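Here is the structure we will look at.
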Amino acid sequence: MAKDIREDISWAQINNDVLKSLETPRPLYWVIVTVALIMFLGGVGLEVYMYNMGMGVANLNNPHVWGLFIATFIFWIGMSHSGTLLSAILHLMHADWRKPIYRFAEAMTTFSLMTAGLFVMVHLGRLWQFYYSLPYPNERGLWPNFQSPLLWDAMAIFTYLSSSIIFLYIGMIPDLAICRDHMKEGWRKKLYTALSLGWEGTDRQWRNFRITYLTVACFLIPLAVSVHSIVASDFAMSQQPGWHVTSFPPYFVAGALYSGCAAIITLFIILRYVFKFEEYMTLPILKKTARLTFAIAMVWTYLNAIEFASVWYSHDQASKDVLIQKATGPYAFAWWGMIFCGSVVPLMLAVKRFQTNIPVLFAVSLLLNLGMWLERWMIVSPTFSHGYYPWAWDHDQWPSFVQWGMVFASFGWFTLLFMVFCKVFPSVSMYEVKEMVYHRTLALKKGGKGGH
Amino acid sequence: MIENGMNRRDFLKVLGWGGAAVALTGCGNTSVEDGKELITSYVEATDYMIPSIGVYFNSTCAQCDAGCGIMGRVREGRVLKLEGNADSVINHGKMCALGQAGVQAHYNPDRVRDPLLRSGSKGEAITWEKALGLINEKLGGAKGDEIAFLTGGMSGHTKALLGNYLEALGGAKHYAYDVTAPAVVRAANKKAYGVEMPHLRLDKAKAIVSFGADFLGAWVSPVHFSQQYARFRKGENGQRGVLVQVESKMTLTGANADRWLAVRPGTEGVLALGVINALGAAGLYLSEDVKSLVKDYAPERVSKETGAPAEQIGKLAALLKERSPSLAIAGSAVEGYAHGSQIAAAVALLNQVLGNVGKTIEAPANVPFQQLAPAATGRAALVALNDALAAGKVKVLFTYGANPVYSASSAMKFKDNMKKAAFKVAFAHYLDETALEADLVLPLDSALEDWGTFVPAYAGDVAQLGVQQPLMEKLHANTRGAGDILLALLKQKEADKYKGFEDYYAYLRTAVVQNKAALGGAGADDDTFWGETLSKGLVKFGAAGGSLSGKVSAADVALPAAAAADAQFPLTLIPYVTPNQRDGRHANQPWLQEAPDPLTTVVWDSWVEIHPKKAAELGIVEGDIVEVTSKHGSIKAQAYVFPGIHPEAVSVPMGYGHEAMGRYAKDVGANVLSILDPVADKVTGETALNETRVKIAKAGKRVIVVKEEGAAGGKQMGKKIAVRVSTDKVDLSEEV
Amino acid sequence: MSVTNLLENWSQFRKSHPEGDVPHAEYKWAMSIDLDACTGCNACSVACYAENNLPVVGKEKFLHGQQMHWMRVERYWDEDGRDFPDQGAQFLPMMCQQCEAAPCETVCPVGATNHTADGLNSQVYNRCVGSRYCSANCPFKVRYFNWYDYPTTDDVWPAEMSQQLNPDVTVRGKGVMEKCTFCVQRLSAAKNTARNEGRSVKDGEVQTACQQACPTGAISFGNLMDTESRVYKQWKNQRVELDKEEQAKDKEEGGSKLRGYRILEDLRAYPSVMYLERVRESAV
Amino acid sequence: MHRFLRLSVLLIGLFVATGSHAAETAPALTTADDLGPQVEQPIEFPHDRHAGDASKGGMQINCMYCHTYARRSASSGIPPLQKCIGCHQNIESVKDKPRIKKLFEYWEAKKPVPWKKVHDLPDYVRFSHERHVQRFVFQQGRPVQEACGYCHGDVKNMTVARRSKPLSMGWCADCHQKDHPVDGAAAAKTAKGPNDCWQCHK
């Protein structure tokens with residue numbers, strides 16, 4: 001089996017390779033940034049249009065009051081779980097192959113949360129009054145409704161966002177110091193100087209750093225689980241057929257990890273190429289990620305089956321109707337698409353040959369994400385079009401270009417943030433890769449096979 | 001209620017509160033901004049004018065001819081909402097959707113605001129002096145019988161004044177025209193019962209069989225009948241009344257029937273005779289001539305001809321026999337066919353056989369002043385006018401409350417014939433199709449700004465004179481009431497007679513006060529009587545009617561043989577009078593466009609109702625644009641597959657397809673009236689509405705039908721939402 | 001409300017359906033609709049437009065399902081596949097059921113929809129942020145969202161028509177949810193008058209706009225706490241209890257002669273509107 | 001690192017302290033003399049001359065003599081011009097004062113005076129003068145000027161009225177949460193103001 005990383009790679013070369021990514025990426029980088037910017041600006045335009053005209057231009061209606069905005073919101077929240085998985089969970093489990101890739105996964109967490117937050121805003125009918133949903137002391141003497149899952153949502157997301165920013169930042173401090181030391185004078189040097197908080201690499205600093213990092217990691221894991229459980233509560237706590245399912249929280253968390261892993265594969269491949277990280281983001285690591293994704297895909301498939309079964313064997317006819325409607329109604333293509341992309345496509349990851357085949361993995365990861373996005377849409381929309389009250393059934397609702405455009409733009413916004421991050425900050429953790437190389441060298445000297 | 005009617009006119013003179021400063025939004029970032037808004041106070045105020053308190057003034061609804069009493073809620077000088085006047089014998093405080101929309105007729109943005117004189121294809125605003133002078137000038141060149149007045153339903157003092165004017169013009173002709181008028185019914189009633197509109201006691205009947213009379217929706221006086229219907233259903237003696245509706249296209253009344261019998265179009269009379277036959281068979285006494293008349297109408301034959309199951313005919317007969325008194329009502333079937341009068345006679349015969357006359361069919365209250373009684377409207381009037389126009393016999397044509405250019409069939413070529421009149425004057429609220437063809441358009445006050453009196457088209461047990469009075473100051477300075485215009489025109493001819501009346505108000509007041517003795521105000525002081533009249537918004541007058549005189553004999557009924565199938569035009573077209581649109585005069589009131597048709601739930605468009613079987617046969621599905629072609633033209637509209645119609649008929653609602661009239665009416669749907677065949681009832685000469693034969697074909701386009709009904713299509717999907725129970729499962733006598 | 005106040009009154013901050021000992025203080029507004037009397041004529045719906053400043057959205061927006069009628073009249077057909085609906089149609093006026101344990105109330109993030117002391121489900125436009133969660137959780141789908149800014153939309157309220165707007169009812173701008181209020185502006189006017197005179201509102205003193213218009217008198221409305229009120233008598237007569245999800249009618253198999261029921265009762269939202277089953281003659 | 005930690009603890013402590021203090025005292029924040037802007041009216045109406053104490057040269061006219069709608073309607077209203085003229089046509093002494101002359105000009109032109117709103121509320125707020133006047137003046141028997149003054153301030157000492165209370169929601173709610181005696185009797189029962197949103201917003 002190939003090695004996760006070469007043991008003979010020198011520390012100086014690591015510094016050199018990674019710092020190079022801050023300077024000269026391949027031209028494709030600029031193409032991606034430009035495209036992402038255009039997509040994002042398009043979304044801004046649509047939002048301005050919708051803000052002025054009213055939400056009606058999104059072609060939502062009564063009773064179909066939620067649509068792609070909420071579906072995509074869940075999608076991005078789900079996406080955010082990968083970072084926590086790789087950096088916090090695998091960190092605690094001492095899986096050291098995560099080291100070259102956890103930094104960008106964490107960045108992904110932060111940025112997908114920011115994207116998700118945008119959708120909450122876009123979704124509000126009176127965006128300019130959004131602060132009513134924040135608990136703050138005010139003259140009116142009013143508080144938000146602490147009973148509402150939507151409020152829990154807002155709080156959970158804000159907490160998760162701030163925690164993951166802190167986690168990302170703390171983990172970067174030693175690397176920022178390296179950047180500071182290697183940069184020529186300029187605004188970047190000033191930035192790194194300020195951000196590295198006077199890191200000198202003393203033993204005491206390292207000890208404190210380790211403790212802090214571990215603490216935040218431990219804190220982040222329950223947070224990540226709770227965030228998506230709370231998003232699931234938006235639905236599970238309601239009374240609507242198709243939503244009122246007890247198994248929603250674990251189902252949502254599994255789905256979240258799943259889409260997060262798939263997204264990591266996608267970005268892995270892009271970064272590896274764009275920033276010439278072939279030495280660090282190696283095929284064996286990709287293979288491990290693919291295997292992890294496969295495992296989570298199967299968990300998700302299992303939970304999906306549980307959801308269907310619990311609906312099917314319940315006595316709630318309305319929920320059953322919604323399930324039948326999903327499979328046979330106007331949304332059937334999306335529902336079957338979700339089953340295919342979410343449960344059938346990942347079977348390819350079980351084939352060894354494909355686990356290191358970059359084009360195949362890239363295609364599969366995109367399909368998995370498509371499947372997961374469809375899943376979120378299939379959670380939100382069919383319940384609206386086929387609820388308790390037959391008179392209000394609406395099978396014709398179709399999102400307008402505003403909704404589609406906004407979904408599209410969110411990918412631009414995310415990519416833009418992500419690409420800018422990778423250019424400004426080291427997207428591979430230098431000090432951890434060095435550790436990894438060091439550990440492997442030690443193990444090699446002792447005659448082991450590397451790894452733990 | 002304001003007792004002090006004396007201040008009504010002063011009230012109108014004083015300034016409104018705050019002008020038109022209505023805050024249009026309540027949810028923006030409105031902050032407290034001191035000194036930014038104006039408060040305009042009154043200059044003078046009466047005691048009852050309290051800001052932010054609504055005051056109610058009584059008046060009479062002018063949305064249809066039923067003459068319901070209304071009260072307008074007035075606040076800060078604006079009328080906000082109309083509610084029913086509880087004193088009115090017609091509506092007892094209730095209202096229909098049409099009546100509610102009266103405020104939208106008043107505040108309509110498309111009202112005509114100035115007298116308009118045609119110059120080329122445009123209208124040029126002129127002064128009233130000039131307009132009235134011009135009329136006088138044009139009338140000078142015409143003899144009395146060369147002047148024609150086409151109006152819709154009219155009653156009360158405006159009608160009396162019009163009568164005087166026609167006389168002053170030397171015998172000008174009055175054509176009272178209304179497409180939806182129950183003209184044949186009235187003629188047949190006159191024959192059968194001696195009165196045009198007997199007093200139907202739905203509340204006394206224990207069973208009602210209605211031959212297409214949509215008395216809950218659009219027939220004659222729906223609010224009045226609805227109330228009687230509620231009592232009929234409650235059953236004052238504990239027995240719930242049973243309603244059977246016989247028709248080819250389900251009306252709102254049909255949708256509320258215990259049994260809805262779909263019959264082949266035009267065979268309602270056959271069914272009536274079939275029921276008589278079955279009654280005879282069940283042992284009810286029939287006179288010899290009746291016996292011989294109905295002997296051929298055995299259930300099997302009737303069932304074959306009408307399409308109604310024979311078993312149902314038997315059940316219906318059994319029901320009518322058991323439940324006495326009952327009531328048979330002849331409705332739109334009678335207006336629909338060339339043999340309509342015969343159908344009406346058959347229905348009258350049924351009533352007679354059942355002994356209902358005098359029990360559930362009573363004499364109506366007498367209207368003591370015949371000049372105030374409603375003009376007998378009908379469709380024949382338009383035919384007569386059209387003929388006169390075509391022959392060039394009309395030089396000056398006035399139109400008021402009628403829109404013949406829209407509602408006449410293209411077969412009549414009314415628009416072209418109208419051009420033959422040298423001078424056409426339209427009294428108009430909107431620039432509708434007829435006003436656009438006129439040489440001079442006179443803008444009318446809305447019904448909520450005008451004075452007038454109304455005698456309801458259907459009297460009930462007490463005759464009532466509804467008083468219409470302004471509920472607020474005129475919205476547009478340059479509009480005038482129809483009464484005022486007529487008075488001004490009369491003054492041109494007979495200045496001496498009318499010089500004592502400053503305006504129509506003065507005329508009306510004098511006219512009412514002079515007859516106070518007959519109006520129940522004997523001995524009262526003039527001012528007090530007038531004040532009370534305005535305060536109540538109506539005067540009850542006239543005693544209950546005597547007994548009914550007419551009689552229908554078997555000899556009067558002669559039903560034609562079933563018409564042969566027409567291969568080219570296989571279907572019967574039934575133009576449907578919807579409760580909201582009626583003949584289309586209210587098409588520019590957006591509430592009525594947005595209120596779904598009760599049966600199809602379609603909004604903002606016309607539709608073609610096709611029975612599912614027929615639709616399957618023709619390969620038509622909901623939303624297909626179909627072309628409905630008659631001998632006299634074709635219209636295109638969306639198909640609506642509707643179970644409540646006979647497969648041999650299609651139905652298109654009236655009132656849509658305006659080419660003018662205003663922003664809410666224009667280009668909404670298709671005008672079914674334009675393709676009607678000009679077939680007349682053989683006895684009365686009234687145009688028969690359902691005699692048009694059509695064919696339908698897909699026009700190749702499909703649209704989504706805009707309707708209230710959702711994807712479940714009126715199914716409850718096993719849920720307990722609108723529940724129905726049969727009479728033997730409930731006990732109504734214990735209910736509150 | 002200070003923090004102290006919030007903590008002290010936490011139990012009152014959210015009220016679901018009334019508790020056993022003190023159900024409702026003075027008023028509990030409720031309705032009963034006799035479907036046998038309802039003819040489906042739409043007068044109620046149009047009266048509601050007139051009273052409550054509802055916008056006319058026009059064909060295009062109606063097509064997209066963005067209509068704003070607080071009161072809709074539903075029309076159902078029999079589902080047994082006969083050629084003709086020969087027992088007529090079934091009409092059902094549907095508006096906010098003012099549930100006692102309203103699913104919409106608990107989910108609103110800002111508390112813009114609350115239970116009032118009179119047992120109404122209030123909707124406060126100026127607090128609403130437009131998350132639409134309430135509508136998502138409403139079993140009856142009777143909440144209507146302002147998808148557009150109707151006050152500034154062409155031909156919704158052109159200059160003259162805006163003068164018809166009822167000053168007692170806020171005109172809603174874009175982005176807020178709205179629904180039937182049981183004509184709360186009329187209720188508070190009546191309550192004010194009664195309070196000035198030191199008494200409670202008497203039955204019949206206040207009518208909702210739909211009730212007032214209804215030509216057949218199918219709708220009764222009143223105070224369920226007032227044993228003299230017609231609506232109380234009807235509920236009692238039909239043995240429908242506000243805080244039960246199963247009524248006498250459901251328990252007595254087949255034999256019950258009652259016809260009062262509430263829609264989707266098994267969801268335990270405890271609606272304040274009782275419907276009376278439509279009756280059809282069995283003999284014809 | 002210690003310095004960093006200490007700073008964080010201090011900052012968090014400060015935030016919590018200010019937050020909870022603000023929360024406790026929130027209504028108080030706006031009850032100070034929050035004088036609205038000076039509004040320029042078409043006629044500079046001297047409230048002090050009409051309603052002020054006799055000792056200061058006022059005529060001590062009851063508020064509701066002119067603002068007669070306040071006890072009968074949600075809106076207190078501005079008296080009709082007729083009312084001003086009713087008195088002033090008999091008061092010869094001031095007839096040629098510029099303000100009175102202006103008043104008569106409006107009267108002769110039969111034009112209402114375009115007064116400006118001083119106490120304005122957002123359109124979604126419905127305050128009922130009637131209920132408050134009935135409750136505090138008629139049922140509880142408080143002096144009129146005191147009852148009106150709760151919201152309108154010391155108008156009898158103003159010339160042109162000026163908003164002196166915040167008229168904000170917290171300010172209204174603050175009073176609604178207090179127990180007020182229901183009638184004038186000393187040991188009578190008390191009640192709070194209504195707490196429903198729908199009381200004022202509908």
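Proteins come first, then strands; the chains are lettered A, B, ... in the order of their sequence lines, and each starts at number 1. If you're wondering where the values come from, they're calculated on a predicted model, not measured in any experiment.
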Under 4.5 Å heavy-atom distance to chain B, tell me which part of C/C38 shows up: side chain, backbone, both or neither.
backbone

Best-contacting candidate, B/A255, B/P647, B/A230, against chain C by heavy atom pairs under 4.5 angstrom:
B/A255

Of the backbone (N, CA, C, O) and the side chain (C-beta and beyond), which part of B/E594 lies under 4.5 Å from a heavy atom of chain C, both, or neither?
both

What closest approach, in Å, do C/P215 and B/K94 show between heavy atoms, and which atom pair accounts for it?
CA-CB, 3.8 Å

Given 3.5 Å as the limit, does a donor-acceptor pair link the side chain of B/R78 with the main chain of C/Q163, or not?
yes

Could you tell me whether B/R240 and C/D36 make a salt bridge, using a distance below 4.0 angstrom between a side-chain N and a carboxylate O?
yes

So what's closer than 4.5 Å to chain C heavy atoms on B/K720: side chain, backbone, both or neither?
both

Which is it for B/S226 and C/T216 under the side chain to side chain donor-acceptor pair (under 3.5 Å) test, yes or no, and what are the steps along the way?
CA-CA 5 Å; B/S226 292; C/T216 57; over 6 Å; no

Report which part of B/P579 has an atom under 4.5 Å of a heavy atom belonging to chain C: side chain, backbone, both, or neither.
neither

By a 4.5 Å heavy-atom criterion (distance strictly below it), what part of C/Y261 contacts chain B: side chain, backbone, both, or neither?
side chain

Chain C heavy atoms under 4.5 Å from B/N108: which part of the residue, side chain, backbone, both or neither?
both

Could you tell me which residues in residues 227-234 of chain C have at least one non-hydrogen atom under 4.5 Å from a non-hydrogen atom of chain B, sorted by residue number?
C/R230, C/K233, C/Q234

Tell me, side chain or backbone of B/R724 under 4.5 Å from chain C's heavy atoms, or both, or neither?
both

Mind ranking B/H92, B/R233, B/Q245, B/Q100 by heavy-atom pairs under 4.5 Å with chain C and telling me who comes out on top?
B/Q100

Derivation of the side chain to side chain donor-acceptor pair (under 3.5 Å) call for C/N166 and B/R75:
CA-CA 9 Å; C/N166 186 353; B/R75 228 190 96 168; 5.0 Å; no

Bottom line for B/Q716: the part with an atom under 4.5 Å from chain C's heavy atoms is both

Ion pair check, C/R259 and B/E735, cut-off under 4.0 Å:
yes

Keeping B/N256 on the side-chain end and C/T39 on the backbone end, is there a donor-acceptor pair under 3.5 Å?
yes

Answer yes or no: is there an ion pair linking B/R113 with C/E160, defined by an N-O contact shorter than 4.0 Å?
yes

Quick one: do C/K257 and B/D728 make a salt bridge, cutoff under 4.0 Å?
no

Which of residues 69-78 of chain C have a heavy atom under 4.5 Å from any heavy atom of chain B?
C/H69, C/R72, C/E74, C/R75, C/Y76, C/W77, C/D78

Quick check for you: among B/M717, B/H611, B/Q312, B/H646, which has the greatest number of heavy-atom pairs under 4.5 Å with chain C?
B/H611

Interface moiety of B/V725 toward chain C, non-hydrogen atoms closer than 4.5 Å:
both

Per-residue contact mode, B/V103 against chain C (heavy atom under 4.5 angstrom)
side chain

Sidechain N-carboxylate O distance under 4.0 Å for B/R73, C/D168:
yes

Less than 4.5 Å to any heavy atom of chain C: does that hold for the side chain of B/L475, its backbone, both, or neither?
side chain

Between the side chain of B/R259 and the main-chain N/O of C/G88, is any donor-acceptor distance below 3.5 Å?
no

